Amino acid sequence: MRNKIFFSSLLLAGAMSLTSCSDFLEAENKSNLESEKYFMTADGFENLAVTPYYKLRAIYDGAPNLFCSGTDLYEKGRSNYSSTNLSTYKNLNASDGDVLSLYKACYDGIQQCNTVLYYANNGAAGNNVELRANEAKFLKAFYYYLLTQQIGGVPISDEYIASVITSFPRESQSAVYDYIINLLKEVEEANVLPSEDHTGRVSMKAVYNLLAKVYLAYGWDADVTAGATGLAEGQAASASDKSKFALAAQYADKAIAGKTPTMSFSDMWDVANDNNEDIFFAIQYTRGISGQDETTEGNQQMSHFSNYYNDDGDGAGLTKYTSSQFPVSEKLVYLFEPGDDRFEGTFMVEQPTEYKRFYTDADWKDQEIKYYFPAWYSDLSSLDQYNTASDNHKTTNIYSTSDPCVYIKVTVNPRNGKITYKKDTQKYETSRTSTGTSICVRKFDDYKSKRNGTKAVSFHNIVLAHLTETYLIAAEAYYMAGDTQKSLDRLNAVRKRSNAEELTSYSSYIRHYSDGSDNSYNNGNGIDNVPKLTGADLDPIDIILDERARELCGEYYRWMDLRRTKRLIDYNVKYNSGVDSAEAFLGADGAYRWFRPFPQDEINLNAGITEDDQNPGYKNINTEE
């Protein structure tokens with residue numbers, strides 16, 4: 001027998017604690033007033049309108065399993081996978097907790113948006129009612145967009161619900177795309193949002209960015225066909241209808257609004273520049289609010305994408321907690337080209353013994369360097385020269401990024417202090433999972449954070465839309481729409497900002513890579529000893545995905561990128577060490593898994609959905625009646 005599913009109004013804004021939000025998200029406790037009356041007041045409605053923003057944290061505060069696991073860019077960490085099922089696919093089923101959490105969080109956010117719209121349409125007081133209603137429409141569209149990318153078609157909940165509802169039928173993915181577009185078009189036509197905003201609220205740049213994302217994904221899902229296992233690397237996609245891609249390009253350009261990316265990569269990601277002019281939309285965090293616990297009320301973003309390394313100097317709070325999850329793959333490291341500023345902007349190449357001194361002390365290079373990770377194109381035959389080049393390099397541990405099995409072993413004689421150096425080797429698994437041996441992503445670092453053995457210490461905003469990301473949306477959309485030159489122009493604008501060599505054509509591109517064999521390793525001859533693929537071996541979509549990997553490392557896109565472009569299976573088989581073959585994606589029903597499972601809990605509770613509505617690849621497994 002089915003249980004009832006409860007969609008309540010969740011009127012929490014008056015009573016919930018929002019102490020770690022930015023200023024506009026600070027809610028005043030009005031729990032002593034009747035909610036219905038309070039939310040009709042100007043202050044109450046403003047307080048209510050904050051909640052849909054706040055609900056984004058339930059999706060992005062923690063581990064990025066649904067966004068980064070099971071891709072070509074991140075590997076198993078010291079503590080195994082953050083989610084083995086999502087990383088290897090073999091045992092992924094409809095009871096997966098991460099998928100259920102996303103589903104619930106999105107519908108919680110959607111219901112909050114519906115509540116804001118209900119009060120806005122029924123006479124709420126204040127000067128900003130129309131503005132807040134349009135913000136809620138955008139946020140509802142965003143929640144639905146996440147669901148379409150992860151699960152596909154889902155039920156559409158369009159109204160404020162204050163009573164028990166037991167039946168919500170599942171809509172097709174196309175129907176949900178159309179619904180999202182209609183919401184965003186209403187916002188566009190209302191024309192009440194500011195053209196841009198740098199306080200964390202929704203702006204038209206964010207609206208155009210999301211419209212571009214939706215049309216881009218819609219074009220791939222509705223108009224591009226592929227075989228059961230998708231498209232292989234180098235295989236071109238053909239769209240039966242290019243109109244959605246043309247609209248995606250159009251809206252990406254509207255978000256760009258003629259702005260050229262000139263702010264350096266490192267400056268754009270510096271926590272001191274949160275909400276800079278290149279950021280279109282971000283989840284806000286503010287340190288220093290009264291009563292706040294800075295060791296538990298931030299987000300975890302900076303703690304991912306590395307293994308744990310050292311605690312030296314921790315008494316001063318100058319090290320960084322890492323979760324030992326999501327170390328970057330060899331493929332990702334190899335994608336960075338000589339001269340590209342993003343290598344040192346993305347990774348902590350030289351780590352001082354006290355990590356945060358990299359940011360806080362101008363003379364950090366004069367201090368002891370704990371670890372050094374030279375770029376993969378460096379000459380491994382001369383690694384030990386780094387140790388002898390400076391007094392503060394004498395005891396530096398050096399780990400190759402081109403051959404992670406090679407490192408410089410430093411030995412200090414305890415009797416006479418004599419230091420000796422020996423190039424040594426270690427097992428590949430050790431290099432990826434042991435303390436301190438994998439390069440650390442630093443782009444999300446909050447160097448003002450308080451280290452307390454916890455993850456949620458970062459008050460760096462979580463960026464969800466920005467300028468160069470939009471340029472890459474445009475590059476993909478223009479290519480799929482048939483305009484290769486405009487596609488290349490948008491791609492080159494991103495490369496030029498980081499001093500990467502601009503491409504004269506897609507065929508001029510060269511990708512150096514690791515294929516998992518000894519042939520991939522740079523054994524001392526620099527870049528010439530590393531295998532390569534050229535533009536002739538790759539499709540422009542592969543090249544755009546490479547650029548997205550460099551530019552968007554650690555951001556919450558990669559799984560959705562691979563699913564959208566139909567490379568998910570091929571890229572995982574080639575570059576994910578946890579996936580041996582395409583069979584990992586094959587479900588008990590004989591279908592390949594291109595989406596996450598529709599949550600079994602929802603099937604059990606929702607009278608409008610049956611087992612037949614489950615996504616291909618998950619039917620007839622772990623079902624309950």
Side-chain angles (χ1 to χ4, degrees), residues 66-74 85-90 92 99 148-153 172-174 177 213-242 244-245 248 329 331-332 335 472-473 475-477 479-481 506 511 513 515-516 533 537-549 552 557-598 614-619:
L66 287 166
F67 302 102
C68 298
S69 295
T71 70
D72 57 330
L73 301 186
Y74 312 102
N85 292 342
L86 290 171
S87 297
T88 65
Y89 296 92
K90 293 179 181 178
L92 183 61
V99 178
T148 64
Q149 299 311 287
Q150 294 281 345
I151 297 173
S172 68
Q173 187 185 41
S174 292
Y177 277 138
K213 284 187 171 89
V214 173
Y215 274 120
L216 183 64
Y218 199 174
W220 278 100
D221 285 325
D223 301 321
V224 177
T225 57
T229 57
L231 298 173
E233 190 172 56
Q235 185 177 355
S238 177
S240 60
D241 181 356
K242 299 181 185 297
K244 297 181 185 68
F245 294 114
S329 68
K331 177 186 175 181
L332 178 52
L335 287 178
L472 294 174
I473 294 171
E476 184 179 334
Y479 176 72
M480 293 302 294
Y506 278 116
R511 179 209 284 173
Y513 73 107
D515 63 6
L533 294 174
D537 304 307
L538 299 167
D539 182 72
I541 291 299
D542 297 307
I543 298 169
I544 293 167
L545 286 171
D546 283 1
E547 201 64 47
R548 288 183 67 86
L552 307 177
Y557 299 113
R558 193 61 175 187
W559 190 89
M560 298 191 297
D561 288 347
L562 298 186
R563 187 211 66 81
R564 180 184 68 249
T565 59
K566 304 186 186 298
R567 262 80 169 164
L568 181 66
I569 294 178
D570 185 65
Y571 271 41
N572 269 281
V573 172
K574 288 181 177 175
Y575 301 112
N576 178 353
S577 63
V579 175
D580 296 327
S581 72
E583 299 301 304
F585 289 83
L586 194 61
D589 58 358
Y592 287 94
R593 299 163 176 162
W594 280 97
F595 287 96
R596 307 304 193 184
F598 199 89
Q614 181 56 270
N615 282 332
Y618 303 100
K619 294 182 178 181

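For the single chain, residues carry numbers from 1 onward in sequence order. The model shown is predicted, which means the values in this text are computed figures rather than measured ones.
With hydrogens and angles disregarded, a donor-acceptor distance shorter than 3.5 Å links the side chain of Q614 to the backbone of F598. Proximity of a side-chain donor or acceptor of D221 to a complementary backbone N or O of S174 within less than 3.5 Å is not detected. When atom types are taken as modelled, the side chain of D537 and the backbone of G234 share no donor-acceptor pair closer than 3.5 angstrom. Of the possible polar contacts, none joining the D589 side chain to the P616 backbone as a donor-acceptor pair under 3.5 Å is found. Judged by distance alone, the side chain of Q150 and the main-chain N or O of L66 form a donor-acceptor pair under 3.5 Å. Side chain of Y618 to backbone of F595: a donor-acceptor contact under 3.5 angstrom is found. Judged by distance alone, the side chain of R563 and the main-chain N or O of Q149 form a donor-acceptor pair under 3.5 Å.
When side chains are defined from C-beta on, L538 counts as touching E233, because their heavy atoms get closer than 4.5 Å.
Of all heavy-atom pairs spanning V579 and S87, the tightest one is CG2-O, 3.9 Å. Scanning all heavy atoms of the two residues, the minimum distance from L231 to A237 falls at CD1-CB, 3.6 Å. The shortest non-hydrogen separation linking R511 to Y575 is NH1-OH, 3.1 Å. Here the closest heavy-atom approach between residue L568 and residue G70 is recorded as CD1-O, 4.1 Å. Between V99 and P597, the shortest heavy-atom distance links the atoms CG1-O, 3.3 Å. For the pair G219 and F245, the tightest heavy-atom approach, listed with the atom from each and the gap, is C-CZ, 3.3 Å.
To the nearest 0.5 Å, atoms CZ (R596) and CG (L86) are separated by 5.0 Å. In this structure, C68 SG and M560 CE are separated by 9.5 Å, a value rounded to the nearest 0.5 Å. Note that OG1 of T88 and CG of D580 are 9.5 Å apart. Values are rounded to the nearest 0.5 Å. The line from CZ of R548 to CD1 of I473 is 6.0 Å long, rounded to the nearest 0.5 Å. Atom CZ of R564 sits about 8.5 Å away from atom CD1 of I541, to the nearest 0.5 Å. One finds the CD1 atom of I544 at 9.5 Å from the CD atom of E547 (value rounded to the nearest 0.5 Å).
Cation-pi check for R593 over Y89 is not met; the charged atom does not lie both under 6.0 angstrom from the ring centroid and within 45 degrees of its normal.
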Q.
Using side chain to side chain contact (heavy atoms under 4.5 Å, CB included), reason through M480 and V224 one step at a time and then give a plain yes or no.
A. CA-CA 10 Å; M480 293 302 294; V224 177; 3.9 Å; yes
Q. How far apart are the C-alpha atoms of W594 and N615, what are their side-chain angles, what is the distance that settles it, and do they pass the side chain to side chain contact (heavy atoms under 4.5 Å, CB included) test?
A. CA-CA 9 Å; W594 280 97; N615 282 332; over 6 Å; no
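Under the side chain to side chain donor-acceptor pair (under 3.5 Å) rule, Y571 has a single partner from T71, D561, D542, which is D542.
The pair D72-R558 meets the salt-bridge criterion, since a charged nitrogen lies less than 4.0 angstrom from a carboxylate oxygen. A salt bridge is defined here as a Lys NZ or Arg NE, NH1 or NH2 lying under 4.0 Å from an Asp or Glu carboxylate O, and D570 with R567 fails to meet this definition.
Not less than 6.0 angstrom separates the ring centroid of F585 from the ring centroid of Y592.
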